[in-house]
Undergrad: 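Quick one: the structure is below, and I'll ask about it shortly.
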There are 2 protein chains.
Amino acid sequence: MRRMTARPANVDQARLLRLLRDLGPQSRVALGGQVELSRSKLAVEIERLLETGLVVQDGLAASRGGRRSHNVRIAPSLRFLGVDIGATSVDAAVTNAELEVLGHLSEPLDVREGPVAVFERVLALAAKLCEEGLAEHFDGAGIGVPGPVRFPEGVPVAPPIMPGWDGFPIREVLSQELGCPVLVDNDVNLMALGEQQAGVARSVRDFLCVKVGTGIGCGIVVAGDVHRGVTGSAGDIGHIQVDLDGSPCACGNTGCLEAHFGGNALVRDATALAEAGRSAELAGRLEAMGRLTPEDVSAAAGAGDAASLELIRLGGTRTGQVIAGLVSFFNPGMVVIGGGLTGLGHTLLASIRTQVYRQSLPLATGNLPIVLGELGQVAGVVGATRLISDHIFSPS
Amino acid sequence: MRRMTARPANVDQARLLRLLRDLGPQSRVALGGQVELSRSKLAVEIERLLETGLVVQDGLAASRGGRRSHNVRIAPSLRFLGVDIGATSVDAAVTNAELEVLGHLSEPLDVREGPVAVFERVLALAAKLCEEGLAEHFDGAGIGVPGPVRFPEGVPVAPPIMPGWDGFPIREVLSQELGCPVLVDNDVNLMALGEQQAGVARSVRDFLCVKVGTGIGCGIVVAGDVHRGVTGSAGDIGHIQVDLDGSPCACGNTGCLEAHFGGNALVRDATALAEAGRSAELAGRLEAMGRLTPEDVSAAAGAGDAASLELIRLGGTRTGQVIAGLVSFFNPGMVVIGGGLTGLGHTLLASIRTQVYRQSLPLATGNLPIVLGELGQVAGVVGATRLISDHIFSPS
DNA sequence: TGTACTTTCATCTCGCAATGGACAAAGTCG
DNA sequence: CGACTTTGTCCATTGCGAGATGAAAGTACA
């Protein structure tokens, strides 16, 4: 029977833990400069954190012209598990308390196999990470799923691409299995948190994080916090209408963004191009595999295939239309583009940028960076560990 | 030389003041039930508030089966001024500290006359309210203007419909003139605050407040706070594209919402209808006045004119398209529709509702109330006093 | 109707914890 | 080696919370 990880006793301790997490080992005085606490109070709280084992002494810091200070660091034995379940793959990573990725595994996986099968695989990945000597247990785990989640309960609600998951008590089940606190969130929100923690959005308090993959979603960060909406479906921009009389969408409407530039739409359009003989590259791939995937388009574009590039450019324009509206509405300080877009990122980014800068008002786009995410595949898992560590490092 | 209004010394006092503002006179025990303070601390803080004069004793409360309690109320002599400058009118109101409107004046006014002329009129209105015996001075004033504002400085930035206002230091100038703290914000944000303070959105923490008038804007409330965006232009939804090849807009793009359903677009379309002989009602009004105004369309619709009603319905559908996208994105708990829409409110509301419920995802619209604002013309001024009172009732 | 009992509110007091300043310890630099 | 800087610890003062006490009102019942 393993003891539960200690928790900070008050907001000051929580604040100190987060500082140590984000800034690394620090002297007491350096910490004092970051928080509004008297030196005595600071010493008392650190003393208590040392007692609980949440932080440890960590040698002497370099002198700054006086007595050398004892560094203090967050307990290096803490381990967080981050899991990012996508539509077609699953990522798992272990981090230490400073959210540095110690190990990362990735597997293809069809989320439609249902929660039981998926979590068997997830637990196997977690066990594998432990076997590699990276962790003995986990002090907390964050789980991302590709659909809306009722966050407080950690339960998916009406997820369109996850049949069999509706209402499955992910948080409860995994918390039981892993023996540690678990939080569940939408994968896009976690990507946003990841980029905020360790990526391009480190110093931005209001930003949007658009993930282009099988679906298209958007993480919303307001005043440093993720906005999830009243039913957990905020950021679901795939079904915003981009064309009054556009293609029919699985959701029942017409002209949705995803009906023009989701994974399925891309495959549909690419197949049509291949069959119409408009792209030798795509036709070859279609013949070889019998069917095309988004990765084929991506690869073809990377190889310079004009038709594929055009598809991506058009998709970027459509996405840019939606983002332009969101930028006018939300006036963010940054827009981060991410998702499974290996290689085609810059093409996509360029057409999104063009469209947003053309269509949004100058006041909102004045110095609005629209950039690719820095973390790529690990954004989700890093965000997941950020989520759970924020929870663990908050007063119990 | 008048003494500045006292300010609370700490967050607890601020919290108590806001409770007394929103819930009215309370006994000490009733207050204790609302905040997490020990009886002793509560007594001490109230004692101090009594000393500063921010609250006063207010007789005995009805007994609840024991010794009767002494009620305490927020200083009834406090006065806040709320000013709502619209494109074509200005509203001013005085409230007490509980934000009850004691007097309200409204005048037509063209904002294009520039800040100096406008503030002359505003100060005259304020003086008139004082002459009516409603106030001797003001303890704070909130000002709403129809354009983006850099909130911390209280300065309009690049306001499209306010020539001559760009960079005018409203806050500084008015603070000087009125001799009290002043805050300046976008009129739509103030409308949202007003509906949150005293209207339909009292118990909602995340909602959108769409104002349809000369322009079309949207107040965004996240977690109880107004989101203004990084440059103060959040909620500027008038230039979101609703039609890929739509009408040209003053902003340089085509198909903007305002190009189809702003005040100017409405006049343009109504005039066309009148001249084409499609509406006798509108033609009559055009002949009588030489030109049409949005109010003419409103009145004609109220009189049952089919062409005018159709214009409003179409505009509602267009607005609904945009709101549907915002609902998917933001997943609010309520959408409030307001603005200068006397009479035509329900027609507009109905077509907006139809469009949003049709186009947004069920999870986001599940139990999403889309309602008309309750406060009508006073929403802005009430929101303005709420804004400044939140400021006054915060630790200095 | 009068008296005893109960309920509620306000204040007082005391112990504990927090705070901020003083002081001692440990270094660096000239 | 001494002046100066930085860091760690101690302690008196202050602030806070919870129980005890007394005052003021309602309630039950003879």
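Lettering of chains follows the sequences in order, A, B, ..., and the numbering in each one begins at 1. Just so it is clear, the model here is predicted, and its values are computed rather than measured.
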Undergrad: Going by side chain to side chain contact (heavy atoms under 4.5 Å, CB included), name the residues that satisfy it together with A30(B), two or more places apart in sequence or in a different chain.
TA: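 A30(B) satisfies side chain to side chain contact (heavy atoms under 4.5 Å, CB included) with Q26(B), S27(B) only.
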Undergrad: Mind running a 4.0 Å heavy-atom check of residues 18-26 of chain B against DNA chain C and sending the residues that fall below it, in number order?
TA: none
Undergrad: Against R18(A), only a single residue in P8(A), S394(A), S389(A) fulfils side chain to side chain contact (heavy atoms under 4.5 Å, CB included); can you say which?
TA: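 For R18(A), the side chain to side chain contact (heavy atoms under 4.5 Å, CB included) test succeeds with only one of P8(A), S394(A), S389(A), which is S394(A).
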Undergrad: Under the rule for salt bridge (charged side-chain N to carboxylate O under 4.0 Å, His left out), what residues qualify as partners of E98(A), not counting sequence neighbours?
TA: R73(A)
Undergrad: Base contacts versus sugar-phosphate-only contacts with protein, heavy atoms under 4.0 Å: please encode nucleotides 5-13 of chain C as B, S and - from 5' to 3'.
TA: --BBBSB--
Undergrad: OP1, OP2 of dG17(D) versus side-chain N and O of K41(B): anything below 4.0 Å?
TA: no
Undergrad: Tell me the interatomic distance from E47(A), atom CD, to dC10(D), atom P, rounded to whole angstroms.
TA: 10 Å
Undergrad: Run the salt bridge (charged side-chain N to carboxylate O under 4.0 Å, His left out) test against R386(A) and tell me which residues pass, sequence neighbours left out.
TA: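 Per chain and number, R386(A) pairs via salt bridge (charged side-chain N to carboxylate O under 4.0 Å, His left out) with D390(A).
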Undergrad: Applying side-chain hydrogen bond (donor to acceptor under 3.5 Å, both in side chains), name anything that partners H227(B), two or more places apart in sequence or on another chain.
TA: none
Undergrad: Apply salt bridge (charged side-chain N to carboxylate O under 4.0 Å, His left out) to R48(A) and list each qualifying residue two or more places apart in sequence or on a separate chain.
TA: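 For R48(A), the residues satisfying salt bridge (charged side-chain N to carboxylate O under 4.0 Å, His left out) (neighbours in sequence not counted) are E45(A).
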Undergrad: Apply salt bridge (charged side-chain N to carboxylate O under 4.0 Å, His left out) to E374(A) and list each qualifying residue two or more places apart in sequence or on a separate chain.
TA: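 Residues passing salt bridge (charged side-chain N to carboxylate O under 4.0 Å, His left out) with E374(A): R202(A).
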Undergrad: Of all residues at least two apart in sequence or in a different chain, which pass the side chain to side chain contact (heavy atoms under 4.5 Å, CB included) check with E51(B)?
TA: E47(B)
Undergrad: Calculate the interatomic distance between D12(A) atom CG and dA18(C) atom P; express it in whole Å.
TA: 10 Å
Undergrad: Taking atom P of dG8(D) as reference, at what distance in whole Å does atom CD of E45(A) sit?
TA: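 The distance from CD of E45(A) to P of dG8(D) comes to 16 Å, rounded to the nearest Å.
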Undergrad: CG of L31(A) versus P of dT7(D): gap in Å, rounded?
TA: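 Answer to the nearest Å: 12 Å.
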Undergrad: Which part of the nucleic acid, if any, lies within contact of R48(B), taking any heavy atom under 4.0 Å across all strands shown: a base, the sugar-phosphate backbone alone, or nothing?
TA: nothing
